[in-house]
Amino acid sequence: MSPSNPQSSDSIFSLGSTVFWFRRDLRLADNAGLYYALKENKRVIPLFIFDTEILQNLEDKADRRVDFIHQTLQHLKTQLEELGSSLVVLVGNPGELFEKNDAKSVYTNHDYEPYARNRDSIIENMLDHRGISLKTFKDHVIFERNEVVKDDGKPYSVFTPYSRKWKSQLTKSHVKTYPTERYFKNFQKS
């Protein structure tokens, strides 16, 4: 699987298409952001970006996590090809890559790391100025960090009261699944 050339001056995505940006959520099944991208759009382009801002900060350039991601992307690409689609894999700075985006919208799942939150804010502002929406979804957590707090709005510092409140707030809607397979026909054909 060769990454696409991010240096091209042409638009990466066609006008009217929707991009689903895979990040920590390298799966087709039960993926909140992917579910909404496919449900709400007819031509969804699956995308993964090897973020050079993250890669250049790895101490070990042969980091096994990168190898794991690559293997998982190979599997994901195979699954998408069986559905008549594929996976676009780019290498570069996501902000610079999205500057070349002419899609109508970008969907992804929340990323909670400080770098990722800052990156996503910059990308959201840049896309918004171009009339492109960035839609993010809660996916790999049950509660966001501010959803289970003490009555005064502050975070818990002791586990037992936090655990009790967490359990008392848990409902079936917090653990629902996202049946993405219903909308697989909406992947961009390749």
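Heavy-atom basis, side chains included; hydrogens, waters and symmetry copies ignored. In this text the structure is predicted, and so the values were computed from the model without any measurement. Starting from 1, each residue takes its place in the sequence as its number.
Residues L80 and F187 meet the side-chain proximity criterion, which asks for heavy atoms closer than 4.5 Å. Under the 4.5 Å side-chain criterion, counting only non-hydrogen atoms from C-beta, F184 is in contact with L28. The shortest distance between side-chain heavy atoms of F22 and L73 does not fall below 4.5 Å. Side-chain contact between R119 and D111 is present, with at least one heavy-atom pair separated by less than 4.5 Å. Here the side chains of L55 and V66 are in contact, with some heavy-atom distance below 4.5 Å.
Checked by atom type and distance alone, the side chain of K185 never pairs as donor or acceptor with a backbone atom of L83 at under 3.5 Å. Using a distance-only test at 3.5 Å, with no hydrogens or angles considered, a donor-acceptor pair links the side chain of N57 to the main chain of E53. Distance alone, capped at 3.5 Å, is enough to place a donor-acceptor pair between the N109 side chain and the G33 backbone. Looking at K165, its side chain does come within 3.5 Å of a backbone N or O of V149 through a donor-acceptor pair. The main-chain N or O of E124 is never found under 3.5 Å from a side-chain atom of D128 such that the two would form a donor-acceptor pair. Side-chain N or O atoms of D25 include one that pairs as donor or acceptor with a backbone N or O of R23 at under 3.5 Å.
With rounding to the nearest 0.5 Å, the separation of CG in D63 from CD1 in I54 is 11.5 Å. In this structure, CD in E99 is found 9.5 Å from CG in L127, a value given to the nearest 0.5 Å. In this structure, the separation between CD on E181 and OH on Y183 is 10.0 Å, given to the nearest 0.5 Å. Between the CZ atom in R27 and the CG atom in L34 there is a gap of 9.0 Å [rounded to 0.5 Å]. For the atom pair CG of N186 and CZ of F20, the computed distance is 14.5 Å after rounding to the nearest 0.5 Å. Between atom OG of residue S86 and atom CG of residue L76 there is a gap of 9.5 Å, rounded to the nearest 0.5 Å.
Salt bridge E113/R117: absent, no basic N to carboxylate O contact under 4.0 Å. Under the 4.0 Å criterion applied to side-chain N and carboxylate O atoms, R130 and D102 are assigned as salt-bridge partners. Using a 4.0 Å cut-off between charged nitrogen and carboxylate oxygen, K176 and D30 do not count as a salt-bridge pair. R65 has no carboxylate O lying under 4.0 Å from a charged side-chain N of D60, or vice versa, which leaves the two without a salt bridge.
Here the options are H70, Q71, R64, the test is side chain to side chain donor-acceptor pair (under 3.5 Å), and the partner is D67; only Q71 passes.
Linking Ile, Leu, Val, Met, Phe, Trp and Tyr whenever their side-chain heavy atoms come within less than 4.5 Å leaves I49 and F68 in two separate clusters. Criterion: ILVMFWY side-chain heavy atoms under 4.5 Å apart, direct or through other members. Under it, Y115 and M126 are not part of a common hydrophobic cluster. By the criterion of side-chain heavy atoms lying less than 4.5 angstrom apart, applied directly or through intervening Ile, Leu, Val, Met, Phe, Trp or Tyr residues, I122 is not grouped with L134; the two fall into different hydrophobic clusters.
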### Message
Test side chain to side chain contact (heavy atoms under 4.5 Å, CB included) on D51 and N93; report intermediate values, then the result.
### Response
CA-CA 6 Å; D51 186 336; N93 177 299; 5.6 Å; no
### Task
Check step by step if side chain to side chain contact (heavy atoms under 4.5 Å, CB included) holds for T52 and V91.
CA-CA 7 Å; T52 52; V91 175; 3.7 Å; yes
### Task
Before giving the answer on side chain to side chain contact (heavy atoms under 4.5 Å, CB included), spell out for V175 and L170 the whole-Å C-alpha distance, their side-chain angles and the decisive distance to 0.1 Å.
CA-CA 8 Å; V175 291; L170 185 64; 4.3 Å; yes
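Closest of all the heavy-atom pairs between A29 and T180 is CA-OG1, 3.7 Å. Here the closest heavy-atom approach between residue I45 and residue S17 is recorded as CD1-OG, 3.5 Å. Pairing each heavy atom of P94 with each of I123, the nearest pair is CB-CD1, 3.8 Å.
Relative ring orientation between F159 and Y162 is described as tilted, the plane-to-plane angle lying within the 30° to 60° band.
Annotation: F98 is in aromatic contact with W21 [ring centroid separation under 6.0 Å].
Around NZ of K189, the count of heavy atoms belonging to other residues, nucleotides or ligands within 6.0 Å exceeds 12. Shown here is D152, whose CG atom has more than 12 heavy atoms of other residues, nucleotides or ligands within 6.0 Å.
Judged as a side chain to side chain donor-acceptor pair (under 3.5 Å), the pairs with a partner in residues 34-49 (not counting sequence neighbours) are, in order, T18-N41, E40-Y107, N41-K104, N41-Y107.
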